Amino acid sequence: MDTLHHCLFLILLSLSVLTQLPIVKPSELDGASNMANEELLALFEVMGDLLDDSTWVDTHPHPCTDTPWPGIQCELLPGDTLLHVTKLHVGPDVATTPACKSNAKLSLSILKLPHLKTLSLFNCFLKPQNVSLSSSLFTNSSVLEQLVLMSNSGLTGDIPSSLSQLTRLRVLSLSQNSFNGGIPKELGQLVKLQQLDLSYNFLTGEIPQEIGGLTSLTILDLSWNQLSGSIPSSLGQLSSLQKMDLSFNKLGGNVPRDLGSLKKLVLLDLSRNAISGPIPDTLSQLENLQYFLIENNPIKTNIPSFVGALKKLLVLGLSGCGLFGPVPDSFGSLSNLTALSLDRNSLNGSIPSNLGALPHLGQLNLSQNHLVGEISLSSEFITRLGKRLDVRDNKELCIDQKRYQNLSYYLEGAPPCIDSPKATNKPWVDQTGTGSGTSKSGMQTSDGEKGRLTIAHLGLSDSSSLFFYFGFYFIIMYF
């Protein structure tokens with residue numbers, strides 16, 4: 001499911017990149033019937049090195065006019081009568097596109113398309129083929145604004161530092177390839193960059209401090225790599241950032257306090273790393289945060305009290321963090337919350353009843369903790385969530401069987417409660433039937449005790465984390 005939500009984002013990103021480009025209108029082609037010969041020949045060479053179709057040139061001798069091809073876009077420049085290629089896209093999403101050849105390569109003839117603004121190649125360089133990006137492909141004379149190379153399993157080697165010469169670049173997406181080595185610090189020179197996506201590769205080493213100099217960045221996605229070291233404090237300088245995804249790496253240390261300066265941040269995903277606590281209270285300043293995911297990190301502290309002040313939160317994922325202490329009552333004020341995952345921790349105390357009053361909460365996972373007492377969530381809330389409410393493996397939780405007589409199926413793992421010995425005037429009988437005054441967990445009971453006690457503990461299999469389904473509708477593209 002983690003893979004699913006990343007893939008959904010990547011699909012949305014690719015579609016947005018490909019649909020927000022200017023299109024040449026037929027009226028603009030009047031008086032411009034041809035291209036410069038050098039550009040036309042260069043385009044034929046590039047396509048010939050990519051596509052598994054020897055007839056492509058014969059079929060599209062005039063790719064900008066009479067025999068157009070949907071992956072090519074041409075434009076007229078002011079005062080010019082010739083058309084110039086400004087966009088080249090090859091991928092399975094292009095209608096009638098032939099597959100890339102098994103030995104496809106990116107020809108240096110691409111440099112003879114001096115007006116190219118967008119280059120996107122999807123699913124073109126595939127294993128067992130191994131292709132690397134030549135550093136000679138990128139020069140400071142380029143006007144390239146978008147470079148999108150995605151889903152190319154055979155695209156390997158280092159990310160060229162010469163990419164830093166593409167000074168007009170606004171979008172750099174190299175996701176779902178097989179790049180290895182480190183992230184070039186020279187990428188910090190791309191001051192116009194708005195989106196940097198290097199996710200789903202095999203990148204190693206530390207995140208360069210220089211990335212913090214990309215002050216126009218709105219999206220930073222380095223997830224699903226093998227990056228190590230600490231999160232650079234310089235990332236707190238990315239004042240325009242809306243999405244930061246560093247999940248599924250080997251990052252350690254603490255969350256930098258400087259990240260609290262990212263006032264426009266909507267998504268922060270630090271899941272599946274080795275980050276330790278505490279989580280800094282400066283994150284309380286993230287007033288626009290909607291998705292906060294830090295699952296499966298050894299945080300090992302109480303749940304930070306400031307989380308209840310993040311009023312725009314939609315999804316909160318804190319599962320598998322070694323958290324202890326109670327579930328804060330302040331969570332009941334997160335009125336926009338749709339999914340809350342607190343499973344696989346060591347949380348204690350009771351379940352706050354005000355969680356049941358959250359109008360949009362559709363998923364609640366509290367399993368595998370040390371929560372105690374009688375569940376007091378409303379019947380309407382339990383019915384609405386159904387199996388998306390998970391309270392399993394909390395040995396001291398129990399339910400009022402009469403109150404929830406038709407809902408016990410949804411409260412799997414929580415046995416019925418009985419009155420205390422004082423109310424029943426009977427000794428409490430443990431699971432072994434010995435009549436001992438000590439529960440299976442070692443809790444002593446007496447006539448003076450009040451409340452509810454569990455009479456049975458069900459042996460249940462481990463539960464997995466709550467899966468989050470959310471769309472990344474907040475992505476803003478500047479083209």
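These numbers come from the heavy atoms of this one structure, side chains and all, not from hydrogens, waters or symmetry mates. Just so we're clear, the structure is a prediction, and the values are computed from it rather than from any experiment.
- Residues L169 and L147 form a side-chain contact, since some pair of their non-hydrogen atoms from C-beta on lies under 4.5 Å apart.
- Not a single donor-acceptor pair under 3.5 Å links the side chain of N336 to the backbone N or O of L313.
- A distance-only check finds a donor-acceptor pair linking the side chain of N152 to the backbone of C124 [under 3.5 Å].
- Closest heavy-atom contact between N394 and H370: OD1-N, 3.4 Å.
- Between L50 and A104, the closest heavy-atom pair is O-CB, 3.7 Å.
- When ring centroids are compared, F122 and H89 come within the 6.0 Å threshold.
- No donor-acceptor distance shorter than 3.5 angstrom exists from the side chain of S142 to the backbone of F138, with no hydrogens or angles considered.
- At least one side-chain heavy atom of L241 sits under 4.5 Å from a side-chain heavy atom of L220.
- E287 contributes atom CD, which lies 11.5 Å from atom CG of L265 (distance to the nearest 0.5 angstrom).
- Residues L310 and L283 form no side-chain contact, since every pair of their non-hydrogen atoms from C-beta on lies 4.5 Å or further apart.
- Taking a 6.0 Å sphere around CG of N103, one finds it holds more than 12 heavy atoms contributed by other residues, nucleotides or ligands.
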message: Set out, in order, the CA-CA distance, both residues' side-chain angles and the distance that settles side chain to side chain donor-acceptor pair (under 3.5 Å) for N288 and K312, then state yes or no.
response: CA-CA 6 Å; N288 288 301; K312 292 188 178 181; 2.8 Å; yes

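- One finds a salt bridge joining R257 and D281 here, because a Lys/Arg side-chain nitrogen approaches an Asp/Glu carboxylate oxygen to under 4.0 Å.
- Interatomic distance, CG of L337 versus CD of Q363, reported as 10.5 Å (0.5 Å rounding).
- L155 has its side chain within reach of F179: a pair of non-hydrogen atoms, C-beta onward, lies under 4.5 Å apart.
- Salt-bridge annotation for E295 and R344: absent, with no side-chain N of the basic residue lying under 4.0 Å from a carboxylate O of the acidic one.
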task: Dump the intermediate steps for side chain to side chain donor-acceptor pair (under 3.5 Å) on K300 and S276, then the final yes or no.
output: CA-CA 7 Å; K300 297 182 179 180; S276 55; over 6 Å; no

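- The closest donor-acceptor contact from the side chain of N365 to the backbone of S367 lies under 3.5 Å.
- Using a 4.5 Å heavy-atom cutoff, the side chains of C100 and F125 are not in contact.
- Atom CG of L251 is separated from atom CG of N225 by 9.5 Å, given to the nearest 0.5 angstrom.
- Ring pair F248/W224 is parallel by interplanar angle, where below 30° counts as parallel and above 60° as perpendicular.
- In the model, K263 has no side-chain atom that pairs as donor or acceptor with a side-chain atom of S239 under 3.5 Å.
- For CD of Q226, the number of neighbouring non-hydrogen atoms (other residues, nucleotides, ligands) closer than 6.0 Å is greater than 12.
- Here the shortest heavy-atom pairing between L289 and F292 reads CD2-CB, 3.8 Å.
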task: Show your reasoning for whether side chain to side chain donor-acceptor pair (under 3.5 Å) applies to S216 and S240.
output: CA-CA 6 Å; S216 297; S240 299; over 6 Å; no

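- Of all heavy-atom pairs between T67 and T59, the closest is CB-O, 3.6 Å.
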task: For the pair T139 and Q165, evaluate side chain to side chain donor-acceptor pair (under 3.5 Å) and give the outcome as yes or no after the intermediate values.
output: CA-CA 6 Å; T139 68; Q165 298 187 59; 5.9 Å; no

task: Kindly indicate, with the supporting measurements, whether the criterion side chain to side chain contact (heavy atoms under 4.5 Å, CB included) is fulfilled by N296 and S271.
output: CA-CA 6 Å; N296 295 289; S271 302; 5.8 Å; no

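- Around atom NZ of K250, no more than 12 heavy atoms belonging to other residues, nucleotides or ligands sit under 6.0 Å away.
- Under the 3.5 Å distance criterion, the side-chain polar atoms of E206 are left unmatched by any main-chain donor or acceptor of L227.
- Taking CG of L133 as the reference point, atom CG of L149 lies at 6.0 Å (rounded to 0.5 Å).
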task: Using the side chain to side chain contact (heavy atoms under 4.5 Å, CB included) rule, take T167 and L190 through it: C-alpha gap first, then chi angles, then the decisive distance, then the call.
output: CA-CA 6 Å; T167 55; L190 298 173; 5.7 Å; no

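- Contact check for L286 versus L259: no side-chain heavy atoms found under the 4.5 Å cut-off.
- Ion pairing between a basic and an acidic side chain is recognised when a charged N comes within 4.0 Å of a carboxylate O; E145 and R170 show such pairing.
- K101 NZ: more than 12 foreign heavy atoms inside a 6.0 Å radius.
- A distance of 8.0 Å separates CG of L235 from CD1 of I211, quoted to the nearest 0.5 Å.
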query: Is there a salt bridge (Lys or Arg N to Asp or Glu O under 4.0 Å) between E412 and K387 once you walk through the steps?
result: CA-CA 9 Å; E412 182 182 359; K387 280 297 185 179; 3.1 Å; yes

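- Between the side chain of N369 and the backbone N or O of L371 there is no donor-acceptor pair closer than 3.5 Å.
- Remark: side-chain polar atoms of D158 are not paired, donor with acceptor, to backbone N or O of P160 under 3.5 angstrom.
- Side-chain atoms of Q242 and T218 form no donor-acceptor pair, as typed in the model, at a separation below 3.5 Å.
- N177 places no side-chain N or O within 3.5 Å of a backbone atom of N201 that could act as its donor or acceptor partner.
- Taking all atoms of both residues into account, the shortest heavy-atom contact from P63 to L40 is CD-CD1, 3.7 Å.
- When atom types are taken as modelled, the side chain of D245 and the backbone of D221 share no donor-acceptor pair closer than 3.5 angstrom.
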message: Let's go through I279 and I299 carefully: what are the C-alpha distance in whole Å and the side-chain angles of both, what is the deciding distance for side chain to side chain contact (heavy atoms under 4.5 Å, CB included) to 0.1 Å, and is it a yes or a no?
response: CA-CA 8 Å; I279 301 172; I299 304 298; 4.0 Å; yes

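- Using a cutoff of 4.0 Å between basic side-chain nitrogens and carboxylate oxygens, E75 and K117 are scored as salt-bridged.
- Using a 3.5 Å distance cut-off with no hydrogens or angles, the side chains of S161 and E186 do not pair a donor with an acceptor.
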Residue pair L172, L163: steps toward the side chain to side chain contact (heavy atoms under 4.5 Å, CB included) verdict: CA-CA 9 Å; L172 177 59; L163 285 170; 4.3 Å; yes

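- In this structure, L361 and L340 have side chains that are in contact, with non-hydrogen atoms separated by less than 4.5 Å.
- No more than 12 heavy-atom neighbours from other residues, nucleotides or ligands sit within 6.0 angstrom of OH on Y410.
- In this structure, L88 CG and I110 CD1 are separated by 5.5 Å, a value rounded to the nearest 0.5 Å.
- Aromatic ring orientation, F44 versus W56: perpendicular (interplanar angle above 60°, classes split at 30° and 60°).
- With H360 contributing its side chain and T338 its backbone, the two residues share no donor-acceptor pair below 3.5 Å.
- In this structure, N273 and L246 approach most closely via the heavy-atom pair ND2-O, 3.1 Å.
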